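Quick caveat, the model's predicted, so the values are computed rather than measured. Protein chains get the first letters and strands the later ones, always in sequence-line order, with residue 1 at the start of each.
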Amino acid sequence: MSLEMYQEQIIERYRNPVNIGTVENPDATAKDYNPSCGDDVEIQIKFDNDVIRDIKFQGHGCAISQSSTDLLMDLVKKKNVKETQNITKEMFLEKVGIPFSPLRLKCALLGFKVFKLALYSYLGK
Amino acid sequence: MSLEMYQEQIIERYRNPVNIGTVENPDATAKDYNPSCGDDVEIQIKFDNDVIRDIKFQGHGCAISQSSTDLLMDLVKKKNVKETQNITKEMFLEKVGIPFSPLRLKCALLGFKVFKLALYSYLGK
Amino acid sequence: MDVEKIRGDFPILKRKINNKPLVFLDSASTSQKPQQVIDAIKNYYENHNANPHRSIYTLCDEATQIYEKSRGKVSKFINAKKDEEIVFVRNTNEAMNIVAYSYAMNNLKEGDEILLTIMEHHANIVPWQMLQKKGVKLKFIDINDDGTLKMDTINDMITKNTKIVSVVHKSNVLGTINHVKEIGKIAHDNGSLFVVDGAQSVPHMPVDVKDIDCDFLAFSGHKMLAPMNIGVLYGKKEILEKMEPFMRGSDMIKEVQLTESVWNDSPWKFEAGTPNVEGAIGLSEAIDYLKGVGLDNISGYEEKLTEYALEKLNGISGVKLVSPGNAKLRNGVISFNIGGVHSHDIAYILDEFGVAIRSGHMCAQPLLRRFGFQSVARASFYLYNAKEEIDTFVEGLEKVKKVFGK
Amino acid sequence: MDVEKIRGDFPILKRKINNKPLVFLDSASTSQKPQQVIDAIKNYYENHNANPHRSIYTLCDEATQIYEKSRGKVSKFINAKKDEEIVFVRNTNEAMNIVAYSYAMNNLKEGDEILLTIMEHHANIVPWQMLQKKGVKLKFIDINDDGTLKMDTINDMITKNTKIVSVVHKSNVLGTINHVKEIGKIAHDNGSLFVVDGAQSVPHMPVDVKDIDCDFLAFSGHKMLAPMNIGVLYGKKEILEKMEPFMRGSDMIKEVQLTESVWNDSPWKFEAGTPNVEGAIGLSEAIDYLKGVGLDNISGYEEKLTEYALEKLNGISGVKLVSPGNAKLRNGVISFNIGGVHSHDIAYILDEFGVAIRSGHMCAQPLLRRFGFQSVARASFYLYNAKEEIDTFVEGLEKVKKVFGK
Ligand SMILES: Cc1ncc(COP(=O)(O)O)c(C=O)c1O
Ligand SMILES: Cc1ncc(COP(=O)(O)O)c(C=O)c1O
């Protein structure tokens with residue numbers, strides 16, 4: 001039954017996200033919406049020699065979109081731009097390891113999409 | 001069989017319309033189209049004390065639209081405005097006496113519609 | 001009203017979702033279709049399909065008759081004066097765009113105002129925003145906490161510059177039915193054009209344009225048992241006649257020269273290109289179905305379902321209605337939240353029970369913000385919903401609370 | 001190509017008209033639908049219907065998948081680079097209006113020129129006439145007497161002010177297929193936007209937008225076995241992205257504030273309101289059908305039918321083709337007159353034989369005037385037409401001559 005997606009970890013992260021907030025003098029900021037529901041995620045990143053020194057998010061949305069964004073931050077923090085640039089949707093989902101229902105992929109990937117937007121804007125500089 | 005609509009009279013009037021042309025110093029002029037085929041009829045009327053002294057038409061169109069307009073002129077010429085104003089579609093069709101197919105009613109009534117427009121524009125003056 | 005019989009007419013209700021029978025509580029979003037409508041579409045394509053208005057052969061004539069008779073059916077359904085007052089469109093959104101582009105963009109000027117309400121659907125907000133670039137100002141009537149419009153503020157908000165008043169008849173979030181007749185009188189006394197968004201009213205209650213005396217009424221077929229992509233813009237004949245066309249091209253003309261054209265008569269001048277005969281016959285059949293059951297019966301039945309549902313919801317701790325109020329105020333539409341749980345999660349968990357509800361911003365973000373929400377869950381009822389389906393819905397809500405440890 | 005088998009797929013071909021089997025020779029106007037498409041519609045409403053993109057429940061997800069997969073199907077069919085280059089519209093007319101309103105009205109200015117051809121359908125003339133009020137000039141490339149475009153005059157007609165070149169791929173009156181790739185190169189070399197009206201080409205021959213390198217391509221589903229009211233505007237991604245939206249309202253936004261909104265990404269920003277999922281799945285199914293038969297096979301077969309018909313018509317005195325020429329030039333479209341007989345009368349008498357042909361101005365008045373006609377008769381062929389049907393057609397024409405005493 002696909003309610004197993006709502007694992008302890010997801011509910012816990014949804015209630016008490018670890019990486020929520022803003023970053024001082026961010027080098028990259030990006031925001032996007034899920035148009036069908038109006039959910040949004042904004043991500044701010046501070047780099048240090050192309051290494052992600054700090055990354056934070058703010059947003060409104062369901063347990064899936066918010067907690068998966070929070071988990072994504074754990075994954076990319078302290079990593080270098082190159083490494084994170086190569087992370088695909090599939091790799092991200094695999095690493096997070098939650099059996100997201102296909103119905104909820106858009107939710108699960110909202111933060112990932114915004115993260116990529118932020119990277120592009122940084123690299124574009 | 002509904003080809004009986006193409007009576008001698010219709011074909012003859014289509015080839016050699018009696019009331020074709022223009023009127024000198026018309027008191028009323030009207031023109032309309034059948035939007036689906038681009039056919040058109042323009043009617044000009046000269047009145048004499050509210051009596052239709054002269055009425056002529058010009059147009060492009062099928063045997064049905066053109067000959068029925070021609071036949072209409074016979075019917076209203078020398079008549080007075082009041083009388084012709086009261087002629088309904090149904091009366092007109094009955095008087096002409098041709099068994100127009102329902103498919104072709106729009107054609108058969110194009111001239112009638114334009115005639116009514118001309119009358120209104122005269123009465124509106 | 002024989003609900004069991006009605007349910008038998010809707011083939012999709014036999015569908016299983018996650019091994020449970022479908023409980024469709026999202027009719028305010030789009031309605032399901034009875035076999036009669038599906039068969040009418042099938043019959044049209046199998047026996048009568050042609051491009052109407054264009055030629056002289058039997059199928060073409062049949063298609064034309066089907067199309068124009070459907071227009072007549074719609075006209076009678078909303079009690080229009082003339083069939084030519086019915087413009088077939090794709091949906092309510094397009095209907096509003098016709099008024100915004102063809103009427104407002106051509107008639108309003110800097111300093112003019114458009115009066116809307118805070119409870120409008122995006123379809124009745126975003127088209128008007130376009131007018132701002134002409135210097136037109138948008139104003140929004142506020143609502144009370146029970147979801148009713150602040151009627152007493154309208155006289156203050158309407159000014160000599162108010163050229164258009166456009167109001168939703170029944171809110172898709174609150175269920176509130178606005179006093180459109182009264183608002184229309186205020187608008188007309190002020191010399192303003194009066195537009196009504198009937199997307200939620202026309203499918204659920206008798207609507208009479210002569211009685212309301214609106215200048216325009218917009219609604220969508222897909223919310224009233226008809227196929228997708230057929231909708232209606234009703235407009236008073238004298239206004240439609242004076243309006244510029246919107247879409248330009250074939251069929252909306254009488255004559256085309258290289259650099260100018262003569263427009264067709266309305267309503268055809270607003271229907272460019274090959275029209276949707278399938279949609280028209282589908283809508284006609286849907287109207288027959290609704291009339292057969294009776295619009296009064298439908299709204300009465302929806303009220304009963306709402307009453308039952310509200311009673312149940314009141315018993316669940318943590319459930320918060322967007323606007324409180326009884327069944328008479330909510331009219332088959334219940335928007336709510338469960339503290340701390342996002343509407344998407346509610347909808348998703350309900351889906352495990354076969355229950356389909358809407359979640360998200362409801363295409364009414366300003367209204368949601370007014371109540372301090374970013375998203376809500378909504379259950380909405382229609383003639384084919386059974387009382388027992390509400391029990392399943394409630395069962396699902398209990399599960400939501402469990403998953404989120406409430 | 002097994003025509004008998006194909007005919008078996010089209011239920012309407014069992015229809016009797018005036019007690020004769022239907023001979024449908026008006027597919028250039030609208031096509032008939034195979035059982036596969038009709039069943040897809042039925043199946044959609046009986047099992048999957050919901051408003052896509054809006055919520056989180058199984059039916060909604062299915063409807064969204066059906067809709068977006070259909071977009072992908074169309075994208076591959078015309079070899080677009082990305083699925084997001086496909087905007088679902090109602091018909092070719094609407095597609096052209098999007099380009100005229102959202103691109104041209106916002107980007108062209110006084111003194112600019114739009115280059116069209118004299119053989120355009122009204123759908124590719126009337127929308128551009130609107131630009132004239134901005135001081136934009138329309139110019140029309142002329143044609144040769146055989147119905148081909150005067151290619152050698154284009155270089156003279158295109159100027160530095162020519163901002164848009166918009167050309168029909170295949171004429172609905174002449175059957176002429178224009179060299180769009182070549183014209184596109186001239187347009188692009190000149191820095192002009194290149195728009196193609198593919199209403200008659202996409203249903204009948206392989207069309208590849210990458211190969212043509214057009215900026216926009218418009219076509220209608222109903223002419224290619226799909227339901228009414230679904231069509232396509234293909235647009236290059238970078239152009240769509242920069243364009244203002246056309247219809248404004250719900251679903252085409254990311255966020256709505258009272259006085260401003262954030263647009264959705266394209267193509268969704270051009271699809272306001274509840275979309276036509278039924279039409280999309282119908283179009284997808286129609287594409288599968290056409291691909292199954294093979295577009296090359298279809299155009300080859302149509303050429304054979306045209307050859308046979310031209311041979312027969314040449315044998316009837318008094319029949320005058322609008323533009324003479326062989327089957328390779330006419331491509332399944334034969335427009336003609338019979339001296340002194342109006343096209344309506346021809347069409348009506350043919351109907352007595354069960355034969356459906358188009359009559360009238362063909363929505364191409366400037367072209368007809370160019371050849372000195374006010375109206376013509378047109379027979380057009382598609383994959384489901386049989387050779388014997390042409391014999392019935394010819395039999396009918398003999399009767400026309402008899403009625404009119406020729
Ligand atoms: C060449 C051409 N362009 C445009 C159209 C308009 O198509 P629609 O009526 O589907 O908008 C047609 C068909 O009538 C056509 O043949
Ligand atoms: C009140 C209201 N107005 C307008 C609309 C828009 O309808 P459509 O998507 O059919 O254009 C809706 C439905 O979503 C609605 O509820």
Side-chain angles (χ1 to χ4, degrees), chain A residues 1-22 31-43 57-72 93 96 98-114, chain C residues 17-20 26 29-30 93 121-122 125-126 173 318 322 335 337-378 395-406:
Chain A
M1 155 135 176
S2 54
L3 286 187
E4 60 182 304
M5 177 177 75
Y6 290 103
Q7 297 176 351
E8 195 57 42
Q9 195 188 171
I10 289 287
I11 304 285
E12 181 47 33
R13 286 285 187 139
Y14 179 53
R15 292 230 190 85
N16 306 303
V18 176
N19 302 296
I20 204 151
T22 54
K31 180 176 182 175
D32 204 17
Y33 306 80
N34 181 345
S36 61
C37 58
D39 285 3
D40 62 63
V41 163
E42 180 174 336
I43 291 181
F57 82 103
Q58 290 188 303
H60 305 87
C62 61
I64 306 305
S65 73
Q66 303 301 305
S67 59
S68 65
T69 305
D70 198 40
L71 289 166
L72 168 71
L93 292 173
V96 172
I98 309 279
F100 291 119
S101 143
L103 255 178
R104 303 300 294 280
L105 275 185
K106 261 203 168 166
C107 308
L109 290 169
L110 178 59
F112 182 77
K113 187 181 166 199
V114 177
Chain C
I17 304 288
N18 294 318
N19 295 318
K20 313 265 163 51
D26 194 22
S29 192
T30 198
N93 272 273
H121 187 275
H122 293 165
I125 299 175
V126 188
V173 180
V322 169
S335 295
N337 256 341
I338 299 183
V341 185
H342 189 275
S343 68
H344 266 196
D345 297 312
I346 301 175
Y348 180 76
I349 295 169
L350 286 180
D351 188 57
E352 290 291 320
F353 291 75
V355 179
I357 64 156
R358 175 83 188 269
S359 58
H361 58 49
M362 307 285 130
C363 300
Q365 291 186 328
L367 174 62
L368 259 55
R369 271 187 219 110
R370 160 70 180 74
F371 282 103
F373 292 106
Q374 182 169 33
S375 96
V376 294
R378 177 188 71 193
E395 200 187 321
L397 291 181
E398 296 289 4
K399 177 75 182 182
V400 171
K401 288 180 58 185
K402 215 154 109 201
V403 168
F404 278 81
K406 305 267 163 177

Next on the checklist: If I measure from the heavy atoms of chain C, does Ile11(A) come under 4.5 Å with its side chain, its backbone, both, or neither?
Outcome noted: side chain
Item to check | Which portion of Asp351(C) sits near chain A, non-hydrogen atoms under 4.5 angstrom | outcome: side chain
Checklist entry - Looking at Leu103(A) and Tyr348(C), what are the two nearest heavy atoms and their distance? => result CD1-CE1, 3.9 Å
Checklist entry - Roughly how far apart are His344(C) NE2 and Ser65(A) OG, rounded to 0.5 Å? => result 8.5 Å
Next on the checklist: Applying side chain to side chain contact (heavy atoms under 4.5 Å, CB included) to Ile64(A) and His342(C), what does each step give before you reach the verdict?
Outcome noted: CA-CA 10 Å; Ile64(A) 306 305; His342(C) 189 275; over 6 Å; no
Next on the checklist: Counting only heavy atoms not in Glu398(C) (residues, nucleotides, ligands), do more than 12 fall under 6.0 Å from its CD?
Outcome noted: yes
Checklist entry - What distance separates Tyr6(A) OH from Lys399(C) NZ, expressed to the nearest 0.5 Å? => result 11.5 Å
Next on the checklist: Testing the basics here: between Ala63(A) and Asp345(C), what is the closest heavy-atom pair and its distance to 0.1 Å?
Outcome noted: N-OD2, 2.6 Å
Checklist entry - Around Asn19(C), counting heavy atoms of other residues, nucleotides and ligands shown, do more than 12 lie under 6.0 Å from its CG? => result no
